[in-house]
Amino acid sequence: MDRPLVIAVDGPSGSGKGELCRRLAASRGLHLLDSGAIYRVLAFAAREAGLALFDEDSLVQEAAAMALSFSAEADGVHVLLGGRDVSREIRTEEAGLNASKVAALPRVRQALLQRQRDFRREPGLVADGRDMGTVVFPDAQVKIFLDASAEVRAQRRCSQLAAAGRECRYEEILADIRARDERDRNRPVAPLRPAPGALVIDSSALGIEQVLEKAAAHVGALGF
Ligand code: DC
């Protein structure tokens, strides 16, 4: 039997992946998996429980036990931990760096695999992450890798912070992005890289509409 459609979208943070995935899912009425939020919530829950972010055994237990759910609200998808809305807390720069640390641990990734695969349901799923097309859904019908230069991604992050009325220190943000890239691209397990057969889009000089157009054309060319 055919398995439900998966459009796997991988790439570094700031490449525009989140926005592309939201738009693709909304325009086609598909489910959406923000896998980065799962790693962010795990790191957040671990910190609250007083666990060290390198304590793999405890993190694996926490990964299996944590009561994580997503809730679609008018202003976007909210992330709940044990019923408590932690959407804001998990979106800080620090939470992203912490997520990157727990995500580097092989058994933690293994412990979160099934949770992610459970999102594959009819009428289909847009999966946003780093290893959607390589590890979590290697049989995804559509694979896209969205990239952009570290400088462009740092500028985009600064614009987001400015729009939210928050301070932006460009050099610090750029250094954080480079540190996280280094960890995500060079880890031994599920390193960030394009899946075989993925369409690679460099969004450095493209707006979201142009990225969406290329992605939609690719999905259409594959017959979906
Ligand atoms: O996409 P994001 O910024 O919310 O992801 C936070 C961190 O989680 C990122 O540094 C890498 C990690 N991550 C991962 O290793 N695998 C995924 N599928 C998604 C995120």
Side-chain angles (χ1 to χ4, degrees), residues 6-22 25 31-47 53-54 56 59-60 62-63 66 68 70 76-79 81 86-120 125-138 140 143-148 150 152-154 156-158 160-161 173-195 198 203:
V6 172
I7 301 176
V9 183
D10 292 308
S13 56
S15 58
K17 244 177 349 134
E19 182 68 12
L20 171 63
C21 287
R22 279 190 291 279
H31 300 288
L32 180 64
L33 166 62
D34 173 3
S35 61
I38 299 180
Y39 288 96
R40 286 171 181 264
V41 170
L42 175 60
F44 177 81
R47 292 304 294 262
L53 297 180
F54 51 80
E56 194 164 7
L59 288 165
V60 164
E62 186 66 42
M66 68 176 177
L68 165 69
F70 292 90
V77 176
H78 286 226
V79 185
L81 175 64
V86 295
S87 314
R88 281 181 66 88
E89 289 87 336
I90 63 161
R91 291 290 160 210
T92 63
E93 295 303 316
E94 192 195 352
L97 277 173
N98 290 343
S100 172
K101 289 179 188 165
V102 302
L105 303 172
R107 285 190 294 119
V108 167
R109 303 195 69 86
Q110 181 68 30
L112 292 173
L113 265 185
Q114 195 54 47
R115 233 181 234 271
Q116 297 175 79
R117 290 183 176 150
D118 288 344
F119 281 80
R120 187 176 203 169
L125 176 69
V126 179
D128 169 348
R130 303 291 191 289
D131 61 344
M132 298 296 101
T134 49
V135 177
V136 182
F137 303 108
K143 298 181 183 184
I144 295 170
F145 190 88
L146 191 56
D147 212 344
V152 165
R153 289 184 286 131
R156 287 179 185 160
R157 182 67 188 144
C158 270
Q160 280 174 356
L161 288 170
I173 302 256
L174 182 59
D176 277 357
I177 284 180
R178 289 200 170 123
R180 205 172 339 157
D181 274 6
E182 175 74 15
R183 197 163 22 230
D184 293 346
R185 292 185 203 255
N186 295 316
R187 66 187 173 209
V189 178
L192 173 63
R193 62 178 56 145
S203 77

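Remember, it's 1-based here, ligands and their atoms both numbered in the order they're listed. Quick note: numbers below take in every heavy atom, side chains included, and nothing from hydrogens, waters or symmetry partners.
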Just by modelled atom types, is the L125 backbone N or O under 3.5 Å from a matching donor or acceptor in the R120 side chain? no
of all protein heavy atoms, closest to atom 20 (C) of ligand 1 is G36 CA, 3.5 Å
Considering only non-hydrogen protein atoms, determine which one is nearest to atom 12 (C) of ligand 1 and report residue, atom name and distance to 0.1 Å. A103 CB, 3.7 Å
Should we say atom CD of Q160 is surrounded by more than 12 heavy atoms from elsewhere, each under 6.0 Å from it? yes
Can a donor-acceptor pair be found, under 3.5 Å and without considering hydrogens, that links the side chain of E56 to the backbone of R107? yes
What verdict does the side chain to side chain contact (heavy atoms under 4.5 Å, CB included) test give for M132 and L33, after you've listed the backbone C-alpha separation in whole Å, the side-chain angles of each residue and the deciding distance to 0.1 Å? CA-CA 10 Å; M132 298 296 101; L33 166 62; 4.2 Å; yes
Strictly by modelled atom types, are R183 and S100 linked by a side-chain donor-acceptor pair under 3.5 Å? yes
Can you list the atoms of ligand 1 that are under 4.0 Å from a heavy atom of R40? 2 (P), 3 (O), 4 (O), 6 (C)
So D184 and R187, salt bridge (Lys or Arg N to Asp or Glu O under 4.0 Å) or not? Walk me through it. CA-CA 6 Å; D184 293 346; R187 66 187 173 209; 3.6 Å; yes
At what distance is the nearest protein heavy atom to atom 9 (C) of ligand 1, and which residue and atom is it? R130 NH2, 3.4 Å
Please indicate whether any nitrogen or oxygen in D128 is less than 3.5 Å from any nitrogen or oxygen in ligand 1. no
Quick one: does L32's side chain get under 4.5 Å of F70's, heavy atoms only? no
Examine the proximity of ligand 1 to K101 and report which part, side chain or backbone, both or neither, has a heavy atom under 4.0 Å away. neither
What about Y39: any of its N or O atoms under 3.5 Å from an N or O on ligand 1? no
Residue A99 vicinity, atoms of ligand 1 by number, heavy atom under 4.0 Å: 6 (C), 7 (C), 8 (O)
Flag the pair V79 / D34 as yes when at least one side-chain heavy-atom distance between them is below 4.5 Å, and no otherwise. no
What atoms of ligand 1 come within less than 4.0 Å of a heavy atom belonging to D184? 9 (C), 10 (O), 11 (C)
Can you tell me if K143 uses its side chain to pair, donor with acceptor, with the backbone of G133 under 3.5 Å? yes
Element-labelled atoms of ligand 1 that are located less than 4.0 Å from some non-hydrogen atom of R180: 3 (O), 10 (O)
Please verify whether a non-hydrogen atom of R109 lies at under 4.0 Å from ligand 1. yes
One finds that the ligand 1 atoms under 4.0 Å from a non-hydrogen atom of S35 are 17 (C), 18 (N), 19 (C)
Below a 4.0 angstrom heavy-atom separation, can you tell me which part of M132, side chain or backbone, both or neither, approaches ligand 1? side chain
